[in-house]
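Basis for what follows: all heavy atoms, side chains included, without hydrogens, waters or symmetry-related copies. This structure is a prediction, so every number in the text was calculated from the model and none was measured. Here is the naming used below: chain letters follow the sequence lines, and residue numbers restart at 1 for every chain.
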Amino acid sequence: MPELPEVEVVRRGLERWVGDRRVAAVAVAHPRAVRRHAGGAGDFESRLSGRVMTAVRRRGKYLWITLDDPVPQSAGQGGEAVLAHLGMSGQLLVRPPEAPDEIHLRVRITFLDGGPELRFVDQRTFGALALVDTDPAGRPLPLAHIAPDPLDETFDEPTFLRSLRRRRTGLKRALLDQTLISGIGNIYADEALWRARMHYAKATEAITPAQGASVLSAARAVMVEALDKGGTSFDSLYVNVNGQSGYFDRELAVYGRTGLPCRRCGVLVVREPFMNRSSFRCPRCQPRQRR
DNA sequence: CGGAGCTCCTGGGGGC
DNA sequence: TGCCCCCAGGAGCTCC
């Protein structure tokens with residue numbers, strides 16, 4: 001389940017392999033993989049063919065590959081980019097052309113240099129690619145509503161804390177709202193709440209600036225640690241352009257640890273239904289607040 | 001218009 | 001052994 005750290009690992013891997021390469025051909029094997037592309041699969045294939053990939057950028061869980069200008073435009077105009085979201089199971093793999101197709105290969109992009117292909121592989125098809133317009137700063141227009149993520153240099157903490165307090169909802173719902181703060185999913189939300197010793201249902205309007213800063217700092221710390229773990233293991237050519245962070249084996253404190261002792265106090269971690277999925281917490285470290 | 005719930009999807013795993 | 005149901009969940013969409 002790629003969240004910010006996993007997507008950033010993918011971005012770094014891609015940056016190394018697709019930069020400054022001209023696309024030869026694009027083949028969409030499953031139309032659902034480009035359902036967000038306005039013109040459909042054929043349009044995606046034809047418009048991306050012949051373009052040069054220039055850089056790979058990221059905001060929250062989205063990443064995008066910027067493209068060269070096919071026709072020189074006047075200053076101040078935007079360009080185009082391949083916008084990608086990995087969903088739950090999406091992978092962007094860099095693979096030799098002779099490598100056998102993956103079972104869930106959805107999109108294949110080949111390059112004029114005959115080198116490694118870029119493949120979008122996605123079992124559960126929640127992920128998607130699209131060719132989109134960007135603003136003059138190179139940011140995809142469809143991401144206008146996505147807030148900066150906590151590792152973004154433009155992230156403004158006072159703005160976030162004010163917005164958080166204006167919400168009328170529970171703390172974890174707010175953390176998962178990509179229009180408020182981006183990059184956090186179910187796993188890192190639970191881990192951040194555990195580190196900050198806060199309950200997922202705590203009312204946002206009751207959160208003090210210190211508490212808000214605490215949970216934000218926890219979210220940042222846990223994501224940076226996960227990123228470091230993922231980053232340390234992606235030295236081989238193709239293996240780690242795939243969303244594996246290497247973080248999940250031993251480092252998680254509460255996520256998925258139902259019935260196991262809290263790493264801080266030893267009380268058993270509980271799993272509770274939340275938004276048609278799950279929340280994990282330590283009952284002692286993260287007690288439910290009284291209203 | 002903000003908040004909450006629904007829906008898309010597939011394979012692994014547990015229960016019987 | 002095989003079948004069925006639950007589960008994982010990001011985010012766009014709809015409804016109130």
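- A/Tyr62 comes within 4.0 angstrom of the backbone, heavy atoms only, and of no base.
- Other members of the cluster containing A/Trp64 are A/Tyr62, A/Leu83, A/Val132, A/Leu143, A/Ile146, with ILVMFWY side chains joined at under 4.5 Å, either directly or via other members.
- Residue A/Ser278 is in sugar-phosphate contact alone, with no base atom involved, counting any heavy-atom pair closer than 4.0 Å across all strands shown.
- Using a cut-off of 4.0 Å between Lys/Arg side-chain N and Asp/Glu carboxylate O, A/Glu3 and A/Lys61 are scored as not salt-bridged.
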Nucleotide N/O of nucleotides 14-16 of chain C paired with protein N/O under 3.5 Å:
none

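- Contacts of A/Phe274 classified as ring pair (Phe, Tyr, Trp, His ring centres under 6.0 Å), with partners at least two apart in sequence or in another chain: A/Tyr200.
- At a non-hydrogen distance threshold of 4.0 Å, A/Arg36 from residues 32-43 of chain A come into contact with DNA chain C.
- With axes fitted over five pairs at each extremity, the angle between the ends of the helix from B/dG2-C/dC16 to B/dC16-C/dG2 is 50° (10° resolution).
- Applying the side-chain contact (heavy atoms from CB on, under 4.5 Å) test to A/Ala144 and every residue at least two apart in sequence or in another chain returns nothing.
- Nucleotides of DNA chain B that come within less than 4.0 Å of any heavy atom of chain A span, from the 5' end to the 3' end, B/dG3 to B/dG11.
- Listed by first then second residue, pairs satisfying side-chain hydrogen bond (donor to acceptor under 3.5 Å, both in side chains) with a partner in residues 19-31 of chain A read A/Arg21-A/Asp113, not counting sequence neighbours.
- The ring pair (Phe, Tyr, Trp, His ring centres under 6.0 Å) test applied to A/His199 returns no partner, not counting sequence neighbours.
- Applying the side-chain hydrogen bond (donor to acceptor under 3.5 Å, both in side chains) test to pairs two or more places apart or on separate chains, those with a residue in residues 123-134 of chain A are A/Arg32-A/Thr125.
- The side chain to side chain donor-acceptor pair (under 3.5 Å) check on A/Glu15 picks up A/Arg11, with sequence neighbours excluded.
- Applying the ring pair (Phe, Tyr, Trp, His ring centres under 6.0 Å) rule to A/Phe155 yields the partners A/Phe160; only residues at least two apart in sequence or on another chain are considered.
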